Amino acid sequence: MTVLDIRHLNVSYVSSRGIAQAVRDLSLTIQPSETYGLVGESGCGKSTVALAIMRYLPRRTRLDGQILFQDADIATAPPAVLGQLRGNRIAMVYQDPQSSLNPVLTIEKQLVEVITAHEGATGEDARRRVIEMLEQVRMPDPAYVLQRYPHQLSGGMQQRVVIAMALLLRPDLVVMDEPTTGLDVTIEAGVLDLLNDLRREFKMAILFISHNLGVIARICDRVGVMYAGELIEEAPVRQLFDRPHHPYTTGLLRCVPQAVSRHTSGALYSIPGRVPPLTALPRGCTFAARCAFAEPGCTQGAPQLESVAAGHAARCFRWRTVIEQPAAAPVPQPPSTPAKSGTSNRQALLTVSNLKVYFTQLMGLLGLARSRRIRVIDDVSFSLEPQRTLGIVGESGCGKSTIAGAVAGLKPVTSGRIDFGDSDFTRPIARRSRAALRQMQMVFQNSDSSLNPRHTVEKTLRRPLRCFNIVPRGHERAHIIGLLKAVNLDETYLDRRPRQLSGGEKQRVAIARAFAGEPQLILCDEPISSLDVSVQAAVLNLLQQLQRERRVALMFIAHDLNVVRYLSDEVAVIYLGKICEIGPAEAIFQPPYHPYTEALVSAIPAIHAGAQPHAIRLEGSVPSPANPPSGCRFHTRCPRKIGSVCEQQEPLGQDVGDDHIIYCHIPLSELRALQTQTEAQHTQ
Amino acid sequence: METPLDQPRLAVSSPSPAARFLRILRLLTKNPIALVGALILAMWIVLAILGPAIAPYGINEITAGAVWKPPSAEHLMGTDQLGRDIFSRLLVGTRQMVILPTLSVALAILLGTTIGLLSGYRGGWVDEIVMRVMDVMMAFPVLMLYLMIIVAIGASAMNVVLALGIGATPAVSRLVRGLVLDLRNREFVAAARMRGESTAYILFQEILPNALGPILVDGLVRIGYACFSMGALGFLGLGVPPPNPDWGQMVSQARNALIITPSAPLFPALAIASLVVSFNLLADGLSEAVKAD
Amino acid sequence: MLRFILRRLGTLLITMLVLSILIFILSDVMPIEPALMILGRESTPEARAALTEQLGLNKPLPERYVAWISRFIQGDWGESYRMGVEVLPLVQRRFTNSLTLAMMAAAIIVPVSLLLGIIAGLNESRWPDRVISIGSLISISIPDFVVGLVLIVLFSWGLRILPGDSSLRGDTVNLMEHWQKLVLPAITASVVLIGYIARVTRVSMIEVMDSPYIRTAILKGLPQRTVILRHALRNALIAPVAVVTTQLAWLVGGLIVIERLFNYPGIGSLFADAALRNDLPMIQASAMIAITLVVLSQGLADVIYALLNPRIRFG
């Protein structure tokens, strides 16, 4: 018996700006104990589907079609029926657990009330069931957690609470809307493992929504791909990833770097253009304008979802051509950066030695009472040669952005040295010369706040030219147009303001601004993490192309291991303010690893079958940098901890060769043996 | 939740601030509440300009034997305790009631924005101390502060502006500081710093333009409150001293005649109320329009 | 929680201290010559100089401040220049009267404004919201003396059901005996703040109802009543309580006008009279008491704020 049967669902949002057709003619079914993945970029309508199933939509929304669940049609059900279904037969898990939990109620109250509302049970009985459920979601110390308020729990624990809340009454269907998106990769891996176990234990049906193909691949049985409000392809998970039939699916799968380096794979595949606005959709196929296979006929009639194989459907006129000739592979580029020098015959461009950045947090009145020191960066050293790329990777809060801030002079250095060429860059911005400032520019994380909303693109790009005297005043405009062309924009953008640009366009302008002063080093602080997958590839391509043409070095900071691996020549892995492993990119991603790197690599959800690395999972959450663990900072979570030496002594670097250094107490040979062994076990 | 409506709107492409102003003005006219406010305010501004010219009587012109007369064809709003025409005094008093509160808020914005910008951008202990002082000032009942300042420096048009301006400064600087604290951590400010821009450029070109909208909307509300307070000062007998007619003072004097002619205090009272209402309606509509923009 | 209260108390003390300095400086620049006020116009310049010397008024400002504040703390508040009475007992009496009036106003403001704000917030853009929004906008725009006058004309002169003059013969208020005299002033003091707090509550309620945790509560299948009473209300009250803190000074300032309008013998009218008649000790004492009232109620609001918001209690 089908659990959920959606037939011809249409949802549109009505506003003064027009009617946005968020979901169009969507039909799908979910069987008992099946996990159905819905994947797509932001604005494709996948969350609207989730909210329509819960019948939780803004007041001015048009909804038609049928959402059949058990005996009811949710699309037309009266409030009383909805009240009985929600939280009881259908439950939901949300993207941001922190804001999904009521900040002023204890966890106990928020969990118990679900049982009370639907079954009338209260008191000890309900409390016992809640504790049991928390144990089932592997929550450490449930009795303690019950007395806490949401803000007192870590992100991973909050999400476990939300999952427990959804599963309390053993619903038939759980809708999960990006349940791991805000979490760090090692935490995400743990939650995904948990979900995989729970879906077997509870035999429930799951609608799993995500933009992350790797996550979908890890957890789903069947997958639907959405684009601009339509389901454009649907297939069993392996089938979809191995033999995609829709050009958009093909593009999505190809534009994410997968455990490769640019030196071997060349530029990334990218999908040109962007998602059409839902208020003004084009005629015919909505993807035609971005499609390499499009013919004039594609824009005439709208394609229907047609069956292309058993259980596999695609909404494309030309799917036969698509599977015959997967778009010509992009031409691999020659290695874009000079090989690393041997000994010291090349001078490093940037040398950071023993960098420490401590923040002082004032507490109490005027900070008189007491203050505490937060060791954000604690003794970090590395160097970067001209025109090469250093990747810095780590989870949120590890201090990687602070390193960039300190190098840029935006954050004061507590101790240590930063040398750039021959000049001392330890000092803050105010005490660096114009000439020194010009050498180093930055591309920021948040495309929304990296450009001044009140400045036009022209003004944004003119300032660096003025400040660094790049061209005479009369030539500024021509030069700016040249810069825009270099980032694949044109002069029609000159008068636009940031709110008239898409995320990708904003980031292009920000990149143009960084290159405008003709620097030697560009610091990139998570430059693509706020962008959609299909746009990320284009921005990464642009960055490496400009790097090659303009001969700059990049310091590339990211949490995404695959992106760092793709772009970097050298990589430093940071944990809690310290480097745990540093070396050539390819060496970092092969055993022997630092146990933390090993866990990170193992946590990445991979798209391709068989590419899933062996499972190493970390316990607990990252300790506070205000009170870091003694000895090796990673010992509290390390799965390979060898004993008290880890707690007492800070590990020294072990040289693997080729400037690859691992800071760990475990001897290299042992580490290598352990890690190749586990890897072998898991590939069998 | 996804916001499918947040697609960049390429259709609306009006880059210059003047065009933005016009667009907001257009949005305003679509908002009936704001429109009413704008019309009332426009009326008072016109009367502030023309008042003395169209007043039927001089402000100190005494009609013999006409003390506390109710409204009549001769005296539209009746007469006061000396037999002066209330309508004429109201008209002539408009100018100071419109100009002085506006000036005082201009002063408060000038002082408050300077303090808020510097304190918020510098941060650290300077900010801590400045903001503590502002907090403390805000715990001082405003009217009490005005009265003490005016007793200390004497009542005159300029001193009323000074007192109202100083009294409103802490709130403005708190607002500006809050905006600056948010804006100074934006990445475009970091980019400006990395270009070596001067603090003045960062404050006035990067930060202030983004804070201006909320400051001006708040300013409108504040002009309303300044009218409110100026009325109260006049009512307490510490407003702008004679011979200029002060609405608050007119209310206060006429209140003794409530039994004889209840309408006498109501005219100036309603005049103050309608002026304040117009500022509040306008500010309300403007903040909606800026939000929608 | 105890630590929180103690910390707040420390802040309050500092606030009081700084305010007392401000009051002292302001009253010091007032063109009032104490010796002249005490001895009268007929006194000789020599006698005045001697008294000035005796009162220590030639000493530098910080020294005079310390002397003044320490006398003040010990309860020696001096004698009125104009009324020839001890300041302390008079101010105490008037303070009780004002406190009674303020409490009565608060008893009206808090339930009415929160209720209106919540109703408007729950009905965003529908007619109850439109009526309340426009009504509150108008109510915050009408000066309190105008409201008071209209009320007097209506209820005292028109309907003749409530007194328009609230003067008290014994200068001491008795709630049972005088409640009728308190009604109109209390309503007058409430109007502006009801509008203001209702507006803040409305916005806060709308934001809360739109928040992910309310979505969670609804999608748990909880009944509407539980969603609003248990999940929304407490969160929606956090913002108005924070705002009330900043408006208490406004309320106390408003008392000056209202007490004068109704001839009510409170601290506000005492202050206004003193200010108009250059009665320096009375100005200082009544200002100090008024700010004490503000600061203490701010402290109270802070504690309520922390009780509502566990993020403050358990940082």
Side-chain angles (χ1 to χ4, degrees), chain A residues 50-51 53-60 79-106 109-119 147-152 161-162 165-166 168-169 171 175 177 363-366 368-369, chain C residues 1 3-4 6-15 17-18 122-126 129 204 206-239 241 302 304-315:
Chain A
L51 295 172
I53 293 170
M54 305 307 288
R55 259 280 289 287
Y56 185 81
L57 292 163
R59 223 191 300 157
R60 298 176 70 191
V81 174
L82 290 177
Q84 282 163 17
L85 292 177
R86 289 168 174 168
N88 185 11
R89 302 330 313 150
I90 310 181
M92 189 157 175
V93 174
Y94 313 89
Q95 170 167 359
D96 180 5
Q98 162 109 51
S99 63
S100 301
L101 293 170
N102 193 323
V104 304
L105 297 178
T106 57
K109 284 186 179 149
Q110 300 191 49
L111 286 172
V112 166
E113 70 181 356
V114 179
I115 302 180
T116 313
H118 292 287
E119 296 181 358
Q147 304 312 313
R148 299 301 105 198
Y149 289 92
H151 75 275
Q152 297 171 304
V161 169
V162 174
M165 189 183 285
L168 260 178
L169 301 178
V175 177
D177 188 7
M363 301 174 81
L365 201 64
L366 290 169
L368 293 175
Chain C
M1 191 63 202
R3 253 202 19 231
F4 173 82
L6 284 178
R7 229 182 23 234
R8 293 306 302 163
L9 223 56
T11 318
L12 293 185
L13 275 178
I14 293 182
T15 309
L17 199 73
V18 177
L122 288 176
N123 292 289
E124 193 194 351
S125 302
R126 285 181 259 208
D129 177 34
S204 168
I206 290 173
E207 266 170 27
V208 168
M209 287 307 287
D210 209 27
S211 70
Y213 57 81
I214 291 300
R215 181 186 63 191
T216 309
I218 293 172
L219 298 187
K220 274 176 185 175
L222 301 181
Q224 174 105 16
R225 197 166 31 93
T226 316
V227 171
I228 291 169
L229 294 181
R230 184 173 189 159
H231 285 267
L233 209 54
R234 206 165 136 192
N235 283 294
L237 291 184
I238 291 176
V241 169
D302 280 348
I304 297 174
Y305 183 74
L307 283 177
L308 283 173
N309 193 345
R311 278 164 293 191
I312 302 290
R313 266 180 294 153
F314 315 98

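Values below: all heavy atoms of this structure, side chains included; hydrogens, waters and symmetry mates excluded. If you're wondering where the values come from, they're calculated on a predicted model, not measured in any experiment. Here is the naming used below: chain letters follow the sequence lines, and residue numbers restart at 1 for every chain.
- For chain A, the option among C:T216, C:T226, C:L308 with the highest count of heavy-atom pairs below 4.5 Å is C:T216.
- Every ring pair (Phe, Tyr, Trp, His ring centres under 6.0 Å) that A:Y149 has, sequence neighbours left out, goes to C:F314.
- To the nearest 0.5 angstrom, C:I228 atom CD1 is 4.0 Å from C:Q224 atom CD.
- For the atom pair CG of C:L219 and CE of A:M54, the computed distance is 4.5 Å after rounding to the nearest 0.5 Å.
- Of the atoms belonging to A:Q98, not a single heavy atom falls under 4.5 Å from chain C.
- With respect to chain C, the highest number of heavy-atom pairs below 4.5 Å among A:A166, A:A80, A:G83 belongs to A:G83.
- Partners of C:E124 by side chain to side chain contact (heavy atoms under 4.5 Å, CB included), not counting sequence neighbours, listed by chain and number: A:R59, C:D129, C:R202, C:I206.
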